[in-house]
Peer 1: 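Before anything else, here's the structure in question.
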Amino acid sequence: MNALVFVSASVLLLTASDVFAQKQYSPELNDFPGSDALQRTGQGAQDRQKSGKISLKVQDSSVGYIVRTLGKLSGIPVIFNSAESAFAKRVSVNVANANVMDAFKEALKGTGLTASYASDGRTILVSPSVSKDSLSNRQSGYVKGQVVDSASGKGIKGVSVSVSGASLMVITDDKGFFTLSDVPAGKQLIMFKLLGYRSANRSVDVSGSGTSSIKVTLTQSATSLNEVVTTATGLQRRVEVPSDIVKIDAEKIRQRAPVRSVADMIEAAQVPGVVVTRASGDPGAPRRVRIRGVGSISQSNDPVYIVDGMWVDESIYDRMDPETIETFEIIRGPSAATLYGQDAANGVIVITTKKGTPGNTRWNMNYSRDWGKAYGKMPLFYEGFGYNPITGARRTCKIQNVLLLECVQDSVAIYDPNSSMVLREGQEQKDIYSLSLDGGTNAVRYALSLNTNDIIGVRRAAPIDLIRLRKWNIKYDRDVLKPSRLKDHKISSNLSLQPREGLDIQFLVRAGFATLVDNKYNFSVGNRLSLDTMAFLSDGVRRDIGQTFKVRHTNTTSFGSSVSWRSKNDILVKGNAGIDQTNMNESGSGENNSCLGTQCYDDLGTRDERTSGNTVLSLRTNISTVLSRGRFSRFLDLRPTAGFDFRSVKNDNFAVFKDSVPGGESSIESGRVTNTLGGRKENADAGWYLSSMIGVFKRIYFDLGIRQDVGSAITSSSSTTYPKLGGSWLLSDEGFWPENKIVNLFRLRASLGHAAVQPDVADIKGKYIIGTKFIDGKLVRSLELVNVGNSELVPERSVELETGFDMYMFNERINLIATYAHKENKNTLVTVQLPSSVGKDDFPLQRKENIGRVENRSLELTINSIVMDKDWLRIAADYSHTFSDNTVKSLGRGINNITPNIAAEGTYRDHVAVGYPLASIWRNTIMGYLDENGDGIIAPNERIMMDSLTYVGPSTPRYRGSYGINATIIGKIIVDSRFSYQSSHVPNYTGQSGSSYGEQDVNAPLDVQALSYGMLGVTPISDFRWNSASISYTLSPRRFSFISTRTISFALQAANIALWTKFVGRDPGINTGMLSGNEMLTIDYGVTPPPPRTFAFNVRLGL
Amino acid sequence: MHNLTFNRFILGCIALMFSGCSLDGLVKVDEPEEGRSVNIKDVTTKNGALAVYASAVAKLQKGVSTISTNVGMFTDEMAIRSGVQVGGTGYNNGSFDARTEVRPPGSGLLGLFLPEAYGSLNSARVTFSQLRDVIRNFNDSSLNYIVSASYSLEGYTVLILAENFCSGIPLSKVTFDGTVAYEAGSSTTNTLKAAVSLFDSAQMIEHDSSRFKTLAQIGKGRAYLSLGLLDSAYASVEDVSIQDAFYIYYTEALYKETRPYAFWSIDVDLGNTIPDEVKNYEGVNGLQWIGTNGLNDPRVPTVIQTLNNVDVRRQRKYTNGAVVFPLARGIEKKMIEAEYWLSTGDSRWLDALNEARRTKGIQDTTDPGSIRAREDLLFRERGFWFYLEGTRLADYRRLVRQYGRSPYEVYPVGIYEGGIGFDAVYGDAFVFSPQESPNRKYLGCDHRRP
């Protein structure tokens, strides 16, 4: 099989080499705008040359050759369009000692061409002649001319030249020439437009019997539609891409917010349709990025990450030095991501790192210090304590325990995180040091970056718990006062070689070394419920306790290389290969606390390594090749591309790596247990694609492509094919587009694309669990089937239709970008529980089936504006808004909902129901209560609950808005501020279940007691957040000439400055459920530290 | 020339496209997924088979634990104490249909047990069958005892299902490599016959363990008993010694894993306030478990504890997780003999009962005289011998079906101390939501085919 793959690759390479061997250059056909055709025909003519005499004798040669030769002989620039058929005519010429124009006339006899001096009098124009007969009776005329670039003076190809009010339009040729015919006589307004240039208008008097000649100069403009963005096939201008790809300049983000990770950067960018959530405000806490909602019920909804062409682990955003990033692009949804291959259905984040700049070595130093403090209203928590009436043992004591006669309350401690929690004392602190250097020559460029972080978290032990422990004479470890701490060091290097023109070779090495000391307090809010189990256990015997902490060393290394070669006629061959490896070693401490009793040992008496150590190895390799060729003419641009990529991932013990899958599950080989610690995951996929960009008249672009994939779970016999097609129409460049001063540019775009999320191999082959059982008086290993495989599975197919427009107004001072996307995830994998009649032990047997369908709709709106643009002050403001909607359309076979486990009454649950959002919150609602026995306590059976779950709302925001304003003062001071708004639903804890007043205090009012079972605290919320503010000042280098500084700047930055919300729970930006569930929020009990309010001071020094 | 070059380029691309099928080898992985996936071909050793066996036995352990708890509370073996919240679900119902079979689920504490028991027993049944799939992959005569045991133990799971759940049990299968074969609901009679067939299969395999032989013989006898074929039952247990036994072992350290609903684990988990009181004449028709002056029969050990200032008589048959659970005992042979001889008018029926009693040092009992009284005595003896072993409900059903007793004379009736009527709250059919029960062949309880 592999041999065949190499054959395929060989075919690719042979084909490419064949193409190169036969390439021929045609100077006249150099179609690039601003080509140097003038130089080739003898630039620098002098007036004296006009009167000079030349001789030429040529037999049976093309007119084009003769014209070019005459130009050389005369030394006068000659401009002509060799594409005109007349220049291909073969003629014989014999002129002797003739002046220049006579020589041209002689040579052009009978060719239908005519020569004349252009309006500058220094250039000869050769163009088709117009017969006098055809002109004599007409009320229309010709307008001829040339459009040139203001900077280079060279002709511009592809400029749209149209007559205002008439449907006349032509495109300039290679050298910027155009001829408009049948132009109505009289004064006409001629419009000149080309993306990337400011439009120009010229008023021309057209006579009914002649030709008007004009020369127009266009000035380049920095419109973002002309910006180059990254696609799977390579770099393309934005206007050619029918989807809305957001490209972010990383430096601008670093300027305006304290960015300490790639996730920070994505979060700070506030891109419409992109939601970043975090598990907590603790150092190193995981983040989750979701693009245009969620579509998969059981599979990953993570986007794919590509760094400099390398496919990397999705947690890259916390493992990569954000200082090394040049740009990142967010490719939202399959309409743009189809060709990125499997799992691209959730979007792609493409990161491009900095490369060296030719010149002397440039040193950049950056120091930043952050101070953070958690804030926010937190709910009150109660912790009831008491004693077992039989044994007298101390224990936590809820009302339920009292009812069951297990406990007699003797104290009810109010647990108020605002005053009792760690946050009162805790203060986050970060120190970030960064050093980078770059330089080189045009042939060899290098960049090296070092970065070190030291982040101390906000969480500390709760004083109230310390008081309790002292009161009960329980010894505790002094380390409880230490918060979690993350230290990481990153090194990145980039070596770029350009041994010859068009050939680029790049080598990347990136490494990171992180140490996270994750402190948990057995008796504090960090692990609050453990106070009972750790201090007293269930036997009520008192135990001395200490701090549990986990030390996680994470080493990451990435190697990447890429080669690209582009020929002069725009054949591109590109290859990427990369390895991304993560090695995580985790060790825990606290044998006297977290591993009390048998908890640290498995049933065979073997120490349970899950709590004492873990090694995780994640290895990703990827290879990709792209072969494309561009063909351009005045009217048609074509870039067919073929590509292939292969990716594989191997994760050892990935369960622990994910921090969510319970350990102890392992594989067997021939009945022998080989790995008792965790799991192993191995997967690979490969695919090829063909695509083409087709541009018509420089204003209509089509993007067509098809991709076919195979994978470890999907073989070629059931390979999957994904199409994409789209169109981008620069409507404002059309001749019929009315001239107006408001809308400068208007583009319509629409695209359709398919992409996939593949099933796991285990979904097809089934899953088995190794365990231990007590059989016949001894412990032995056991093996059982837990998930039934399904060989008929196919990948989930995500189909997205995206449409929108880009409108630039008022000389591009206001840009409006609107996009509507409709994404449907078909064949969604749903875990189906098999009936108990085929077995249900702790969990029912289950298997996955392609029976679901989930729909996402989103409307994204971005407005960028320049409010003021003076030399001394430039103010820019932007606004973006996202509306997103998600609906489960079908779960197959008449299934209306999925509730994985029958949960206790009154809890909200993971509940997927047809007609409701995939990520939604449901609850059991209490209808009423009655204290029948009059004991002053509401028991569960004294409440009346609804017998079904009630939908509360989505758990992910439906509306999100962000606002930003940026001012540049005298070019040196930059002030920036950002705000955001969102609406969502989150669990609320006050008076509800968990450690609440109503659940813990027997003296609580009856209604509060009753509600404590109902989880009614799931409430809609909206919040307005002041995300960031910054001021930076760049000093003039001459002030520091004594240390030879190139640049020096200072910045004060703040993040997460304020939050306005009526919500009384924890920070709604935290979602602890992201660790275990797919998208569901989980009850947090208010113990998760919110993201801290951060202030940072930053110095950047360039030498 | 350009066209030619470009065409070759396109052809090259197309060639690459059609070579896509060769990519399979590239993406093939040796270790399927997450380390938890194994193919049946990987389990090619005795150790692999034993691992599957262990898994199956553990499921059976859990199943019998849970069913014995359910049966204890559903019948007169256990009483629900006053003031104890039982989740709004009682165990008895005025509907005869509902009384003659356990019909889960319900909500609340007790309602959770029945689906657990049903699921665990089926899981055990399926896994024992899978075990034989695994063993077929290689020839190892030393595993014959495991094959025999798998038939016997699967027979027990089927037997217990038939004894306690309503007619219409689907005996679906899942092979070890994951092929699901759904079956239609099987009537109680056919389910019992299936159990007999499994016990027969167990006996046909040569093996070296008398424990497994006893298991198959007694199991078969018990199945015939439920079928009302007393002569066959008698014949089945003829070779069994009164000393033979097959126990299920537990370990206290594992109790939460293996017997979350066992009596002792409930004691621990629920803070000693569970509804496990032992009472005489529970539900009017119950037996007198406790003798005059509180004297205990050794077969029904109890103790009085004071909880919340109230004296409570609690069972002490299971006090911790180290106590074994008897799945089959030679004493059952004596009960089968007694019942068979009683049905044939043979006076040895009383000898059989007393022979059994003497193994525990219990004084001989006497012939009460009337046939009905003799039947009562027989079933009383069965009740005492198999106290909290999950057989009492099957005895109720036999008394109704085979001995013509009125359900009102057999099942508990009236009001629990807690004020919940036996008749009041229980009665849901065995219904699954669609995704829980994609088995279209199963149509629920079938009362027309007992």
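Letters A, B, ... are given to chains in the order of the sequence lines, protein chains preceding strands, and every chain is numbered from 1.
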Peer 1: Could you tell me the separation between the CZ atom of A:Arg847 and the CG atom of A:Asn790, rounded to the nearest 0.5 Å?
Peer 2: 5.0 Å
Peer 1: Minimum heavy-atom separation for B:Ser172 and A:Val838, please, with both atom names.
Peer 2: CB-CG1, 3.3 Å
Peer 1: Given heavy-atom pairs under 4.5 angstrom as the criterion, report whether the side chain, backbone, both or neither of B:Ser129 touches chain A.
Peer 2: neither
Peer 1: Quick one: which of B:Ala181, B:Ser123, B:Ala56 has the most heavy-atom pairs under 4.5 Å with chain A, could you say?
Peer 2: B:Ser123
Peer 1: State the CD1-CG distance between B:Ile135 and B:Leu143, to the nearest 0.5 angstrom.
Peer 2: 5.0 Å
Peer 1: Between B:Thr127 and chain A, which part of the residue has a heavy atom less than 4.5 Å away: side chain, backbone, both or neither?
Peer 2: neither
Peer 1: Select one option (side chain, backbone, both, neither) describing which atoms of A:Leu845 are under 4.5 Å from chain B's heavy atoms.
Peer 2: side chain
Peer 1: Under 4.5 Å from any heavy atom of chain A, what part of B:Leu121 do you find: side chain, backbone, both or neither?
Peer 2: neither
Peer 1: Would you say A:Arg707's side chain and A:Gly643's backbone share a donor-acceptor pair under 3.5 angstrom?
Peer 2: no
Peer 1: Less than 4.5 Å apart, side chain to side chain, heavy atoms only: is that true for B:Leu153 and B:Thr157?
Peer 2: no
